Amino acid sequence: RTLGLIPAELDYRGFVIKLLTEQVGGFYDSDNKTFFVASWLPSEEQKPVMIHELTHALQDQHFDVAKILKEDRSLQNDDRILAHQAVMEGDGMVVMLQYFLEPVKRHFSQVPDLASIMQAQMTTMQAQFPVFKEAPLYLRETLLFPYGYGASFLQYVWHKNPSWESVNIIYSDMPVSTEQIMHPEKYYGARDMPKPVNTENFVARLGPGWKIAGKNVLGEFSLGLLMSLHLTEERSRRAAAGWGGDQVLLLENEEAKDVVLLSTVWDTTEDAEKFYGAMAEWFRQRYPKTQRSNESPTGFSLIQNGAFHSIRRDGAGIQLIFGLPEADGRKLI
């Protein structure tokens, strides 16, 4: 909410329940090994839903998806979870797509620009749903990501080795970031693994009055969504493409004030400079009437309504602070 991805006034839990309830056509419960399909759907619409959900049942039967999901729930890494969802939902989508293509003797691997097509079709289909239309961009896009990008990732897998066995093998060596899903070449060959990010020093500098209330990983995809709140989609996509790793912390003090720290590391210093330049413009758009202070070639800070915000670059690392009380911000300077 502090970052602006979710409106502060939104009842997040209640809204997400309404959103998912509106979207559901079928469901496979891996805990109870039970498959459900919406009885209100016409029979012709039930068929593709059954194909998709029964694919999930087969995933669970052969690859112990329940174990993967259980391990994911223990992580503080939504980016990794989203990557795993992309494999599972993408698998269901390409099997369902193959069902439609079989009568015309085509194959899902032959569909060009599958990610864009899938995203566009699902957005068009779901535009009829009022809750989905009202959802913040972040919720809409993360809901669609596993289906569109997941299908495109598995299309790449098929091109590498045209067989369902090549798809099955992925479950024993899952992608670990949305970066690997969006850029499958970073999964194959010289694998681009997320870099660790250490934020302990920053928390220590704030002093004992602050505690960590939550931590997570945004990843390339969500970081791009954050940037697109105030920048064009194209610039956001290019600026996020050199992502190496990140750690986002929500910190709280004794007065219930909260601050977000986003520490990022980039593949190269050039990638970091590109992200820094984009985020400098992002700050200008988000805080248009606030003057920068402590400005240098590697960073600046600003204060608005008693809240301190800043961005600092050190080589291939960039640290961003959102919403720190002004007095604490001046101590950091």
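As the structure is a prediction and not an experimental result, all values here were calculated from the model.
Y188 carries K160 over the face of its six-membered ring, with the cationic atom under 6.0 Å from the centre and within 45° of the normal.
Interatomic distance, M279 CE to L226 CG, rounded to the nearest 0.5 Å: 5.5 Å. Rounded to the nearest 0.5 angstrom, L218 CG and M227 CE are separated by 12.0 Å. Atom-to-atom distance recorded for K186:NZ and D267:CG is 5.0 Å, nearest 0.5 angstrom. A distance of 5.5 Å separates CD1 in I212 from OG1 in T199, rounded to the nearest 0.5 Å. In this structure, Q85 CD and L69 CG are separated by 8.0 Å, a value rounded to the nearest 0.5 Å.
A salt bridge is defined here as a Lys NZ or Arg NE, NH1 or NH2 lying under 4.0 Å from an Asp or Glu carboxylate O, and E102 with K105 fails to meet this definition. Looking at R191 and D173, a side-chain N of the basic residue comes within less than 4.0 Å of a carboxylate O on the acidic one, giving a salt bridge. Checked for salt-bridge contact, R238 and E234 meet the test: a charged N lies under 4.0 Å from a carboxylate O.
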Start with the C-alpha distance between K18 and E22, add both sets of side-chain angles, then the distance that settles salt bridge (charged side-chain N to carboxylate O under 4.0 Å, His left out), and finish with yes or no.
CA-CA 6 Å; K18 287 198 301 181; E22 179 189 61; over 6 Å; no
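Between F153 and Y187, the gap from one ring centroid to the other is short of 6.0 Å. For F300 and F283, the ring centers sit closer than 6.0 Å to each other. Taking the six-membered ring for Trp, W164 and F108 have ring centres closer than 6.0 Å.
Residues L41 and V49 meet the side-chain proximity criterion, which asks for heavy atoms closer than 4.5 Å.
Judged purely by atom type and a 3.5 angstrom limit, D246 has no side-chain atom pairing as donor or acceptor with the backbone of S263.
By the 30° and 60° cut-offs, the orientation of the rings of F145 relative to F221 is tilted.
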